[in-house]
There are 2 protein chains.
Amino acid sequence: MYRKVAADLRQAIADGAYGSGGRLPAEGELATRYGVSRGTVRQALAVLRADGLVTSRRGTRRVVLGTARVQSFGELLSFTRWARSIGEEPGGRVVEIIRSPADEVEREQLRLEPGAEVYRVLRVRTLSGVPVMVERTVYPEHIGALVEALDPHAVSHTVPLQEQGVLFTDAHHTIDLALADADDARLLGCLVGDPLLRERRRTTDPAGSPVEWSQDRYLPGTVAFTVHNSTAVTSLSRRTGI
Amino acid sequence: MYRKVAADLRQAIADGAYGSGGRLPAEGELATRYGVSRGTVRQALAVLRADGLVTSRRGTRRVVLGTARVQSFGELLSFTRWARSIGEEPGGRVVEIIRSPADEVEREQLRLEPGAEVYRVLRVRTLSGVPVMVERTVYPEHIGALVEALDPHAVSHTVPLQEQGVLFTDAHHTIDLALADADDARLLGCLVGDPLLRERRRTTDPAGSPVEWSQDRYLPGTVAFTVHNSTAVTSLSRRTGI
DNA sequence: AAGTGGTCTAGACCACGTG
DNA sequence: ACGTGGTCTAGACCACTTT
């Protein structure tokens, strides 16, 4: 129900029904209009708030901030879903898969016992055939085995993994800058030492168990990361270097 | 009340009372324990969820993901508050303030009428005296006038602005990579063309009016940006190019 | 003084995961 | 079958902004 209200309001905002900087109807009025309780309306508005579409402050009606299209969790996580959502044709090729004992960092990130083995996957990702990103993902053994069985030219890995019961629900990202190494340069067609935008990501399942630890390196100009935050919700933070 | 419950749970998690990967008590039990209703407990848990501290899924108890320290909105927005929160000594120096008519991009970002004037502030920021970031901020005329009146060596600009009634409540950030220009190189002590981590930010007040449009360029290795997202909450997104 | 969002309550039913 | 979190309701009081 609240999803329906949220979707409806989102559409109305996108259509400019309230204008940019305009004011939304009061919660009570929306409740009457949609035939739901005020609590449900508030739940819907919380979604829009988190997406940075509206402000909210005691004493005044909510104000429309913009119509920013926000990506779903899946689009953020999966290069494939993201590419399709922006109308690009994604591609991918597995360059290398190695199985070997986890080092200390990997054991900590994937919460593994000493002696545990991991799969390291090196993969190049393309948009319309042009290489834009190099992906280095480390999987725990039981998930890596599933990845190894996939077609090396499979466009998506996350989709078949989800179908096989590997759930991705929470991710923590770190964004900074890295310099291209020999592999990056060869796969992306740049020079060794060229700057790349780096995203490191640790993804967990609903039980809190890590399912992947990945490092993606993008050619400059192909992507930017955007974040919305407010006095109410903050999920981005700035950290001292690594 | 829900803030108190959230703070208490956050502390308990930080103390390892439930362990990493451990399970939280049921909502009903927490409600009884704190003498509040279940709704209030859920509000507290929503805060922890948004901070990436716990998962939540129908059918099972919440699971502890980690003890990640999340920054407040103020710390994210303000270099000064951020630096202090990590035990560094922030500094800053205004290099240049120019008042002139807004160009098209600035008019759009700050939602100004044609012919409106803006203040452009170029400022270098330091940690323990070492330059780490160059900040280029554009203010609408009425706010820029306040900034111009500040001490050029003032450590913080946001604090005095807040005290003068300029409220920062929502911010939209874009993170990518930029190459150092002559100003950057001179102020940061790097070479022209060296890669820098760039954050562009548009901040608005509770009424939705833009109060600043800023571009910050960090020396690599001094900062990284981190984000948490989940199937429930997404505020980060990936965009193409500029 | 009136209107608005922020918070809290007490209760209900449901969808889902686990035993 | 049971316990859990997800959703919804109806009502209440308060803090804040605007008129």
Side-chain angles (χ1 to χ4, degrees), chain A residues 1-9 18 21-50 53-65 73 162 165-167 169-170 204-209 230-233, chain B residues 1-9 18 21-50 53-65 73 162 165-167 169-170 204-209 230-233:
Chain A
M1 200 79 255
Y2 79 89
R3 293 169 198 278
K4 187 184 173 323
V5 175
D8 200 79
L9 287 173
Y18 306 109
R23 293 160 70 166
L24 249 50
E27 295 178 355
E29 192 188 322
L30 290 171
T32 306
R33 181 185 305 179
Y34 289 103
V36 299
S37 76
R38 194 182 148 213
T40 301
V41 168
R42 284 183 60 79
Q43 209 167 346
L45 290 168
V47 174
L48 302 189
R49 175 92 209 264
L53 288 177
V54 299
T55 64
S56 62
R57 197 170 47 140
R58 226 189 316 231
T60 65
R61 291 197 175 178
R62 288 183 166 80
V63 172
V64 175
L65 277 179
F73 176 75
Q162 299 255 22
V166 179
L167 300 177
T169 58
D170 281 82
T204 56
D205 68 14
S209 301
S230 70
T231 46
V233 182
Chain B
M1 200 80 255
Y2 78 88
R3 293 168 198 277
K4 189 184 171 327
V5 175
D8 199 79
L9 287 172
Y18 305 109
R23 293 160 71 168
L24 248 51
E27 295 178 356
E29 193 188 324
L30 289 172
T32 306
R33 182 185 305 179
Y34 288 104
V36 299
S37 77
R38 196 183 146 213
T40 302
V41 168
R42 283 183 61 79
Q43 210 168 345
L45 289 168
V47 174
L48 301 188
R49 175 91 207 263
L53 288 178
V54 300
T55 64
S56 62
R57 196 169 46 140
R58 220 182 328 222
T60 65
R61 292 198 175 177
R62 287 183 166 81
V63 172
V64 175
L65 277 179
F73 175 75
Q162 299 254 22
V166 179
L167 300 177
T169 59
D170 281 82
T204 55
D205 68 14
S209 302
S230 71
T231 46
V233 181

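Worth saying up front: this structure is predicted, and the values here are computed from it rather than measured. In the text below, chain A, chain B and the rest are named by the order of the sequence lines, each starting its count at 1.
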How many Å lie between [atom1] on [X] and [atom2] on [N], as a whole number?
| X | N | atom1 | atom2 | result |
| --- | --- | --- | --- | --- |
| B/Leu45 | D/dT7 | CG | P | 14 Å |
| A/Glu27 | D/dA15 | CD | C1' | 14 Å |
| B/Leu30 | D/dG5 | CG | C1' | 12 Å |
| A/Arg62 | D/dC16 | CZ | P | 17 Å |
| B/Glu29 | D/dT4 | CD | P | 8 Å |
| B/Tyr2 | C/dT9 | OH | P | 13 Å |
| B/Gln43 | C/dG5 | CD | P | 16 Å |
| B/Arg23 | C/dG19 | CZ | C1' | 12 Å |

Taking the nucleotide of DNA chain C with the closest heavy atom to each, which residue, B/Met1 or A/Leu167, is nearer the 5' end?
-> B/Met1
Among [options], the nucleotide that comes nearest once only the side chain of [X] is considered:
| X | options | answer |
| --- | --- | --- |
| A/Ala26 | C/dT4, D/dT17, C/dT9 | C/dT4 |
| B/Arg42 | D/dT7, C/dC8, D/dT4 | D/dT7 |
| B/Ser37 | C/dT9, C/dG5, D/dT7 | C/dT9 |

So do A/Thr40 and A/Tyr34 actually touch side chain to side chain, heavy atoms under 4.5 Å?
-> no
Validation row: A/Thr204, B/Leu65 side chains within 4.5 angstrom (heavy atoms) = yes
Contact under 4.0 Å: B/Arg61 side-chain N or O vs D/dT4 OP1/OP2 =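 Indeed, a polar side-chain atom of B/Arg61 lies that close.
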Check: C/dG6 base within 3.5 Å donor-acceptor of A/Arg38 side chain |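 Such a pair exists between side chain and base.
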Could one point to a donor on the side chain of B/Arg57 or the base of D/dG6 with an acceptor on the other under 3.5 Å away?
->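 Not at all, since no donor on one side and acceptor on the other fall under 3.5 Å apart.
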Hey, is the main chain of B/Pro206 close enough, under 3.5 Å, to the side chain of A/Thr55 for a donor-acceptor pair?
->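 Confirmed, A/Thr55 side chain pairs with B/Pro206 backbone.
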By nearest nucleotide on DNA chain D, pick out whichever of B/Leu24 and A/Gly35 is the more 5' one.
->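 The residue mapped nearer the 5' terminus is B/Leu24.
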Contact nearer the 5' end of DNA chain D, comparing A/Val36 with A/Thr60 |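 So the residue in question is A/Val36.
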When we call it a touch if two heavy atoms are under 4.0 Å apart, what does B/Arg3 touch: a base, just sugar-phosphate, or nothing?
->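 The residue B/Arg3 makes sugar-phosphate contact but no base contact.
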Of the non-hydrogen atoms in A/Ala6 and A/Ala44, which two are nearest, and what is the gap between them?
-> N-CB, 3.7 Å
Apply side chain to side chain contact (heavy atoms under 4.5 Å, CB included) to A/Leu167 and A/Gln162, showing your working.
-> CA-CA 6 Å; A/Leu167 300 177; A/Gln162 299 255 22; 4.0 Å; yes
